[in-house]
Every structure is written in structure tokens, then in C-alpha cells.
Amino acid sequence: MTGTGTEATAGERRQLINVAYRLLGSLAEAEDAVQEAYARWYALPVGRQREIRSPGAWLTTVTGRICLDVLGSARARRERYVGAWLPEPLPDRAEWDHGRDTDPADLMVLDESVTMAFLVVLESMTPAERVAFVLHDVFRYPFAEIAGVLGRTPAACKQLAASARRRVGAAPAPAAAGHADVVRRVRRAWEDKDIAALVDVLDPAAVMTADGGGVAGAALRPVEGAARIAQYMAQIADRAPGLELLERSVNGVPGLVARRAGAVLTVASFDVADGRATRIWVVRNPEKLRPWARAG
């Protein structure tokens with residue numbers, strides 16, 4: 001399909017935001033990447049735009065290349081990051097939609113490919129693996145098109161996706177059953193400052209990872225073991241009068257949001273197995289909680 005300007009590209013933004021967020025794990029960086037791709041499109045001479053048979057494919061290729069560059073530089077930036085780096089958590093659209101059709105979080109499709117557990121696995125991949133895997137396995141782009149993004153042969157892109165798939169296969173499968181119940185038990189035990197109940201709802205080998213970015217207080221290293229996590233959470237409860245803990249959808253699955261005086265201070269995601277929390281990811285960096293400031 002041929003076309004130029006707004007007619008050819010207006011409907012692509014939703015798809016591009018979804019692709020870029022999964023590639024980068026950052027809504028802010030995803031929006032920047034998509035805006036840059038559009039800027040490059042509009043900078044093309046009209047004659048060149050008309051020659052492009054599929055503006056959507058062109059924008060996807062350019063967005064993918066921009067994300068690849070960002071991923072490469074992000075590794076160096078994250079080495080300087082204070083504490084652990086976690087992807088930005090996303091609220092459920094229904095919980096924060098105030099009629100802003102242009103807000104990037106409002107365009108997100110929340111499925112299993114944006115759960116915190118899945119995004120953390122994506123972080124373990126090389127930039128090229130991540131691009132090949134996300135574009136092919138999540139969005140079903142053919143390797144011939146992915147080759148244009150990565151500057152490699154389709155066969156090489158296929159090998160990258162296979163390598164990434166092995167990383168995903170090695171990760172524990174998410175357990176949807178009982179997830180909400182586990183989150184609810186964590187909330188109640190935390191509110192009651194009941195260490196024994198917290199230990200009971202946590203897997204003995206559970207791990208909690210917190211991201212404060214050096215801006216908000218957070219454990220700089222993962223907290224390991226049910227007893228240590230329970231004690232850590234109880235200490236927070238003691239030091240946080242007036243903190244309200246709410247059950248909310250986080251990246252499409254049940255999670256917890258800590259709020260004080262209406263302001264969201266913490267968003268927690270959980271991985272669950274056999275009726276217990278095995279992983280907890282806690283985001284406290286306020287720069288990563290901006291979409292939650294609009295949440296209802």
C-alpha cells in the first residue's frame with residue numbers, strides 16, 4: 001500500500017510503541033524511539049515517501065534500528081546505574097485512562113510478553129537476540145524483514161532468535177493460577193506486620209530485587225530467602241506510617257502498589273509457583289512511575 005504523510009502512518013503508532021517497549025523495557029525510551037522514527041519519516045522527501053510501498057514496515061525497521069542502538073548504549077549506562085535496573089512497570093489501561101488517546105501507556109497491549117518476569121528474561125539477552133526474538137516470536141515478523149533491522153542475513157537472525165528462545169525456555173514458566181491469591185496474602189501479611197505469614201507465602205528461595213535508581217531508598221542488592229525478605233518488608237512497614245497498599249494490575253498481572261497521600265511510591269510485581277511468591281520486583285525510582293501518577 002502506498003501513501004504519504006499522516007494517512008500512511010497515523011495507524012502505526014500503537015504497534016510501534018508496543019514493539020519499542022518490549023525491546024527497551026522503558027516506556028519513556030520507547031516513546032522517544034517512536035518519535036525519532038516518525039521524525040525520520042517526515043524528513044523524507046515526498047517523492048521518497050511515495051516510493052515506499054509499506055510505510056508501516058519502514059517505520060518498524062527504523063524503530064527497530066533505533067532501539068538496537070539504544071540497547072547497545074543502555075548496557076554502559078546501566079553499569080553506572082545505582083543498584084539493580086528493572087523495566088518500567090505499566091498500569092492497566094482501565095485504571096488510568098483519563099481520555100488521553102495519545103499517551104503511550106494507553107496504547108500498550110498488556111499480554112504475557114510484557115510481564116515483569118518476561119521482560120527481565122529479555123534483559124539477559126544480547127541486543128541482537130532481543131530484537132530478533134521480539135520481532136519474530138512476539139510480533140511474527142519474518143526473518144527477511146528482521147534482517148533489514150539487524151543488518152544480518154535471515155539465517156543469522158533465525159539463529160539469534162533460537163538462542164534467545166533457549167533463554168526464555170530456561171526461565172520458570174509463569175503460574176497464572178493462584179497469582180492473585182498470593183498477592184492478596186502478601187498484602188494482608190504486610191499490613192498486619194505478620195512475619196510468620198509473610199514467610200509462609202514466600203518460597204524459601206524467593207528473591208526480591210528493588211530498583212530505586214539512587215533516587216528513592218531501595219536495597220542495592222537482591223534480598224534472598226523468605227525469612228530475610230519478610231524481615232525487610234516488616235521493617236519497611238514499621239518505617240512507613242500512612243502507607244497504603246493496593247492490589248493493582250501491574251504489566252497485566254496482579255501486583256501491589258504502595259501509595260501515600262495519593263502519590264504512588266512503589267510498584268511491586270510477583271512471580272508465583274506452587275502457591276508461593278518466588279520472585280518480587282520492586283520499582284521505586286520515581287522516573288519509572290510517571291504513568292502511575294495518572295492512575296485512578
Original post:
Can you check side chain to side chain donor-acceptor pair (under 3.5 Å) on T209 and R279, steps first, answer last?
Top reply: CA-CA 8 Å; T209 303; R279 291 296 305 264; 3.3 Å; yes
Original post:
Should V253 and V138 be counted in the same cluster of Ile, Leu, Val, Met, Phe, Trp and Tyr side chains packed under 4.5 Å apart?
Top reply: no
Original post:
Is there a donor-acceptor pair under 3.5 Å between the side chain of T61 and the backbone N or O of A57?
Top reply: yes
Original post:
Minimum heavy-atom separation for A227 to V199, with atom names?
Top reply: CA-CG2, 4.0 Å
Original post:
Has the side chain of H179 got a donor or acceptor atom that lies under 3.5 Å from a matching backbone atom of P254?
Top reply: yes
Original post:
Are V186 and M233 close enough that some pair of their side-chain heavy atoms sits under 4.5 Å apart?
Top reply: yes
Subject >> Residue pairs passing the salt bridge (Lys or Arg N to Asp or Glu O under 4.0 Å) test where at least one lies in residues 138-163, sequence neighbours excluded >> reply: none
Original post:
Using 4.0 Å as the upper bound for N to carboxylate O, is an ion pair formed by R276 and D200?
Top reply: yes
Subject >> Side chain R65, main chain G148, donor-acceptor under 3.5 Å >> reply: yes
Original post:
V257 and L245: side-chain contact (heavy atoms from CB on, under 4.5 Å), yes or no, with the steps?
Top reply: CA-CA 6 Å; V257 172; L245 210 57; over 6 Å; no
Subject >> Check ion pair E31-R13 (N to O, under 4.0 angstrom) >> reply: yes
Original post:
Rounded to the nearest 0.5 Å, how far apart are OG1 of T266 and CG of N285?
Top reply: 11.0 Å
**OP:** Evaluate the side-chain contact (heavy atoms from CB on, under 4.5 Å) criterion for residues I195 and K193: first the C-alpha distance (whole Å), next the side-chain angles of each, then the deciding distance (0.1 Å), finally the verdict.
**Re:** CA-CA 6 Å; I195 292 180; K193 301 179 184 179; over 6 Å; no
Subject >> From CA spacing to verdict: side-chain contact (heavy atoms from CB on, under 4.5 Å), L265, R259 >> reply: CA-CA 6 Å; L265 304 180; R259 200 167 62 176; over 6 Å; no
**OP:** Would you confirm whether W58, through its side chain, and Q49, through its main-chain N or O, come within 3.5 Å as a donor-acceptor pair?
**Re:** no
Subject >> Interatomic spacing from CG in L160 to CG in L150 - rounded to 0.5 Å >> reply: 6.5 Å
Subject >> Rounded distance (nearest 0.5 Å) linking atom OG of S113 with atom OH of Y21 >> reply: 9.5 Å
**OP:** Evaluate the side-chain proximity of V201 to V182: yes if any heavy-atom separation is below 4.5 Å, no if none is.
**Re:** yes
Subject >> Residues E224, R228: salt bridge by 4.0 Å N-O rule >> reply: no
**OP:** State, with a plain yes or no, whether a side-chain heavy atom of L256 is found less than 4.5 Å away from one of L246.
**Re:** no
**OP:** Indicate the atoms forming the closest heavy-atom contact of L198 with W190, along with that distance.
**Re:** CD2-N, 4.1 Å
Original post:
How far does CZ of F118 sit from CD of E112, to the nearest 0.5 angstrom?
Top reply: 7.0 Å
Original post:
Where do A210 and A84 come nearest, in terms of heavy atoms and distance?
Top reply: O-CB, 3.7 Å
Original post:
Do NZ/NE/NH1/NH2 and the carboxylate oxygens of E51 and R48 come within less than 4.0 Å?
Top reply: yes
Subject >> Student check: side-chain heavy atoms of W41 and V62 closer than 4.5 Å >> reply: no
Original post:
Heavy-atom distance under 4.5 Å between the side chains of P87 and M116, does that happen here?
Top reply: yes
Subject >> Reported CD1-to-CG distance for the pair I66 and L23, which is rounded to 0.5 angstrom >> reply: 11.5 Å
Original post:
What distance separates I146 CD1 from H136 NE2, expressed to the nearest 0.5 Å?
Top reply: 6.0 Å
**OP:** Considering non-hydrogen atoms only, spot the tightest contact between T278 and A273 and give its length.
**Re:** CG2-CB, 3.8 Å
Subject >> Side-chain donor-acceptor pair present, N18, R22, cut-off under 3.5 Å >> reply: yes
**OP:** Specify the closest pair of heavy atoms between L202 and A230, including all atoms of both residues, with the distance to one decimal.
**Re:** CD1-N, 4.1 Å
**OP:** Scan W281, W85, Y81 and name whichever one has a side chain to side chain donor-acceptor pair (under 3.5 Å) with D211.
**Re:** Y81
Subject >> Ion pair check, R260 and E244, cut-off under 4.0 Å >> reply: no
**OP:** Give a yes or no answer on whether the side chain of N251 reaches the backbone of V114 with a donor-acceptor pair at less than 3.5 Å.
**Re:** yes
**OP:** Take F143 and T153, measure what side-chain contact (heavy atoms from CB on, under 4.5 Å) needs, and give me the verdict at the end.
**Re:** CA-CA 8 Å; F143 287 118; T153 66; over 6 Å; no
Subject >> Residue pairs fulfilling salt bridge (Lys or Arg N to Asp or Glu O under 4.0 Å) with at least one residue in residues 119-137, sequence neighbours excluded >> reply: R78-E123, E123-R130, E129-R167, D137-R165
**OP:** State, to 0.1 Å, how close E88 and S26 come at their nearest heavy-atom pair, and which atoms those are.
**Re:** OE2-OG, 2.8 Å
